[in-house]
Amino acid sequence: MTGLIAFREIVLKVHSRCDLACDHCYVYEHADQSWRARPKVISPEVISHTASRLAEHARDHALPSVTVILHGGEPLLAGTARLRLVCEEFSRALSGTADLDLRIHTNGLQLSTRYLDLFDEFGVRVGISLDGDRAANDRHRRFADGRTSHPLVLAAVALLRSEPYRHLYQGLLCTVDVANDPVAVLDALVELDPPRVDFLLPHATWETPPVRPDDAPDAYARWLLRIFDHWERLGRPVPVRLFESLFSTLRGGPSLTESLGLAPTDLVVVETDGTLEQVDSLKSAFEGAAATGFNVFDHALDQVAAHPGVRARQLGLAGVSDSCRRCPVVRSCGGGLYTHRYRDRNGFDNPSVYCTDLRELVDGVEGRTALRESAPQLSDPAELARSQAELTRFLLARLHADLGAEPDWARAWQLLTAVEQAGEAGADALDAVLDHPFTRTWVLAALDAAREGRQDGPEAARRLTALAVAAVLRGGLDLPAEVVYRDGEVYLPTLGLLRLGEPGTEGRAALHVTDEGYAVRDGRAEHRFGPAAGDARWQPVRTWSPGPDAAPVALEDLDPYRNCFPRPPRLRLGTGEAEEWRHRLDRAWALLHKAVPGFARAAADGLTTLTPLAGGPRSGGWGEAGRHGPGALGVPYAAGVRETALALLTGRRRTRLRALTEVADLYALDGEWQHPSPWRERPVPVSRLLADVHERVAVEAYRRATAAAEPGGADRIHRALDRLSEAAELTVTGKRLVAELRYELKAVDA
């Protein structure tokens, strides 16, 4: 079955006629009139074979659940006996294979307690078509003799909303007509308290275009945006799937409706005679547009999945027209509903007939909500730090799920839990060791080992034990703290390296807090170490202060997990080397604050750890970001003052962008498009272009301030920003970041 889509949804036509004569109905009023030759009601044989085919398909694809939507015509015309047979056959066939989600979509005219009692028995959720208030609904949804259907639909909804049936109420579906008053339509729907409202554009193609008053190309967008504005004023009283889908795609998530987005369709239609067809709306395009040539008696559903027409709707971005691929809103609109792209001369290789409407709708919703819908981590450093802390804890919990059964790990986890429960001092100490950037490095390495089947449990348990003991010591807690050392030493994260034996030796040692620092018990003797003890066996983590009011920054040259940068770290610095590096950092920091004070303040925010790297500066003097938590930065030890300043600046820009991408979606479908870069020979994905611009805005500011600007540097950044502004991959958060970069560059230009 490789490469074939799995159908997770079946539309089962249980009746092919209707008791209304809606003039906008795609089944009866559009190009395909195949309904005339279909049986009025589905037969028991079709029901049985369809249920068996779906169960077979669910087993073959290991589907956890499938959805069956009872449809028509008007499905209630099939009667309760036939609908009971449908529910029983599908429940029996899917039992033990996949969960069954049964739904029915109806105009509601026949709905009564006998139907609802049946639906309650089998958990069938009910969606009802209603176009708004009476004036709006009567524009199209009438009986053949012209009578209104509105009072009967309202009565059906009232019954559905009543006890004991309320839990079956799925929502309301409204077909858009721009002649209706959008405010009155929404008010009428909201009054019925639906769990969800769907707004659908009327089916149309380039050959049969939608009605447009005054030929306005954006009439439907303006109508829907009036709905949106009123919905917002009301406080979003009910979910609207169209708008929820736009919120999702604008944030980088999937579409929530077939009519928008690039997600492949996973739906197949079964007609009353057992014919297997493509999505029903294709009947609006031309006679036979939905046909596959297959049926439930002779063909498996995988044969339908291999049909060229079905596969054409699985191609995502590759399945839209060339002009759509170049459009910045294509991730949200997805080129529009497949049916709406049809034109006689070239089939479906076109933008939607609603193209202008969709572009204005997406832009309109984005413009109204970008500030609220973008990730708070972009503008709030505290929120970014909180999200990063949560990420480390989430990854550690995943590792615990893999290693929790190992005795040494379990003991260390128990101590870690005791620290967390030891009041404010314990919580603060635990935060300090878990937020140590190389804790993330260790957790990720241990998860890799577990995923790849490598036996790394003892090493992981040793590190977790060291973390827990470091938290005990930091918090001054009266808890048993026994470390496991190897090769004669143990590293206590954020504190330092303690030698407990000769090289090559292994063992355990009990540590505890004293009035002057810490102590380790060796037999009957007690050896003190820590800030004031002066024990030669103790090598503390050194610190450096970027300024009188700044928190100290660790100069981390001890942690074994600091080897996570593109180049290797230096070994432990000698006392003289450490002082020399501090002096160089002081001068570099002073240069940054003099040249680019705003960028310097941003670079200092959240910086917790500097690691000296081997070798001198690379071309350009860029700082190094590695596979670690936020706050860490690798800086070449042998770099001069100017190169160190630039490394601090660019490295912090890199780590900030990486931290953002780990907890917020800045783009989606990275790599689907390639963009020209002013700094590279070949086109690059949006992630690379954004990273280049993010760094080079700060570099341009620094170089101008130090009289080292490159000719045309700002022009190149402007060109890259222009390209990013039109990139379809960017989310609302990514676009806000680009706007932030434009503002920064404008300040540099000024």
Side-chain angles (χ1 to χ4, degrees), residues 1-2 4-15 39 41-73 75-106 111-127 160 164-171 195-196 258 264-277 279-280 292 294-306 310:
M1 310 308 172
T2 303
L4 296 181
I5 190 72
F7 293 119
R8 290 172 170 81
E9 190 170 298
I10 279 186
V11 172
L12 185 67
K13 296 299 191 75
V14 295
H15 203 281
V41 65
I42 192 169
S43 69
E45 293 75 20
V46 171
I47 296 170
S48 175
H49 277 79
T50 304
S52 297
R53 291 295 186 190
L54 182 57
E56 171 189 63
H57 191 70
R59 280 192 299 271
D60 290 346
H61 292 273
L63 299 179
S65 64
V66 290
T67 299
V68 177
I69 303 174
L70 310 183
H71 212 279
L76 295 183
L77 292 177
T80 54
R82 194 57 49 95
L83 293 179
R84 172 174 289 279
L85 182 62
V86 170
C87 295
E88 290 174 342
E89 285 291 309
F90 278 88
S91 297
R92 178 194 55 77
L94 273 298
S95 178
T97 299
D99 291 337
L100 175 61
D101 177 10
L102 280 168
R103 306 178 186 181
I104 191 167
H105 195 85
T106 171
L111 197 63
S112 65
T113 55
R114 60 195 184 97
Y115 283 105
L116 289 174
D117 287 339
L118 171 65
F119 298 157
D120 186 32
E121 181 181 346
F122 289 94
V124 183
R125 293 186 291 164
V126 182
L160 183 57
Y165 308 120
R166 169 74 196 189
H167 64 288
L168 302 176
Y169 190 13
Q170 185 185 4
R196 188 181 72 191
E258 179 198 2
T265 183
D266 56 1
L267 176 150
V268 65
V269 178
V270 181
E271 292 287 352
T272 54
D273 59 358
T275 299
L276 289 161
E277 294 200 334
V279 62
D280 222 23
T292 65
F294 302 125
N295 63 74
V296 296
F297 299 103
D298 304 315
H299 306 98
L301 294 184
D302 278 325
Q303 291 175 272
V304 184
V310 174

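Since the structure is predicted, the reported quantities are computational estimates derived from the model, not experimental observations. This chain uses plain numbering: 1 for the first residue, then up along the sequence.
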OG1 on T67 to CD on E9, rounded to 0.5 Å: 5.5 Å
Nearest heavy-atom neighbours spanning S43 and R82: CA-NH1, 3.9 Å
Given H49 and N295, is the side-chain hydrogen bond (donor to acceptor under 3.5 Å, both in side chains) satisfied, shown in steps? CA-CA 10 Å; H49 277 79; N295 63 74; over 6 Å; no
If every non-hydrogen atom of A55 is compared with every non-hydrogen atom of A93, which pair is closest and at what distance? CB-O, 3.4 Å
For R103 and L70, indicate whether the former's side chain and the latter's backbone hold a donor-acceptor pair under 3.5 Å. no
Short question: side chain of H57, backbone of F7 - any donor-acceptor pair under 3.5 Å? yes
Would a 4.5 Å heavy-atom cut-off, applied to side chains only, mark V86 and V14 as touching? yes
Side chains of H71 and D280 only: does a donor on one sit below 3.5 Å from an acceptor on the other? no
Show the nearest heavy-atom pair for residues A305 and V310, with the distance to one decimal. O-CG1, 4.0 Å
Pairwise distance OG1(T113) to CG(L118) - rounded to 0.5 angstrom: 11.5 Å
Compare every heavy atom of L76 with every heavy atom of Y115, then report the nearest pair and how far apart it is. OH-O, 2.6 Å
Give the minimum heavy-atom separation between V41 and H15, together with the two atoms involved. CB-CD2, 4.1 Å
So does C87 get a backbone contact from the side chain of S91, meaning a donor-acceptor N/O pair under 3.5 Å? yes
Quick one: NZ on K13 to CD1 on I10, what's the gap to the nearest 0.5 Å? 13.5 Å
Partner of E89 by side-chain contact (heavy atoms from CB on, under 4.5 Å), out of L94, T50, I47: I47
side-chain hydrogen bond (donor to acceptor under 3.5 Å, both in side chains) against T275, all qualifying residues, sequence neighbours excluded: D273
Could you go step by step and tell me if D120 and H167 meet the side-chain hydrogen bond (donor to acceptor under 3.5 Å, both in side chains) rule? CA-CA 9 Å; D120 186 32; H167 64 288; 2.8 Å; yes
Donor-acceptor pair, side chain of S65 and main chain of A98, under 3.5 angstrom: no
Within this structure, what is the CZ-OG1 distance for the pair R59 and T97, rounded to the nearest 0.5 Å? 5.0 Å
Sequence-distant partners of S52, side chain to side chain contact (heavy atoms under 4.5 Å, CB included), two or more places apart: none
Between OH on residue Y165 and CG on residue L116, distance to nearest 0.5 Å: 5.5 Å
Going by side-chain contact (heavy atoms from CB on, under 4.5 Å), L54 matches just one of L12, L301, L63. Which one? L301
Salt-bridge criterion met for E121 and R84 (N-O under 4.0 Å): yes
When you compare the side chain of T106 with that of V126, does any pair of heavy atoms fall below 4.5 Å? yes
Could you note down all residue pairs passing salt bridge (charged side-chain N to carboxylate O under 4.0 Å, His left out) where residues 48-57 supplies at least one of them, sequence neighbours left out? R53-E56
Below 4.0 angstrom, N of the basic side chain to O of the carboxylate: do E88 and R92 qualify? no
Hey, what do you get for CZ (F122) to CG (L83), rounding to the nearest 0.5 Å? 10.5 Å
Answer yes or no: is there a side-chain heavy-atom contact under 4.5 Å between D302 and V304? no
T292 side-chain N/O to L276 backbone N/O, donor-acceptor pair under 3.5 Å: yes
Measure the shortest side-chain to side-chain distance between F297 and E45 over non-hydrogen atoms and say whether it is less than 4.5 angstrom. yes
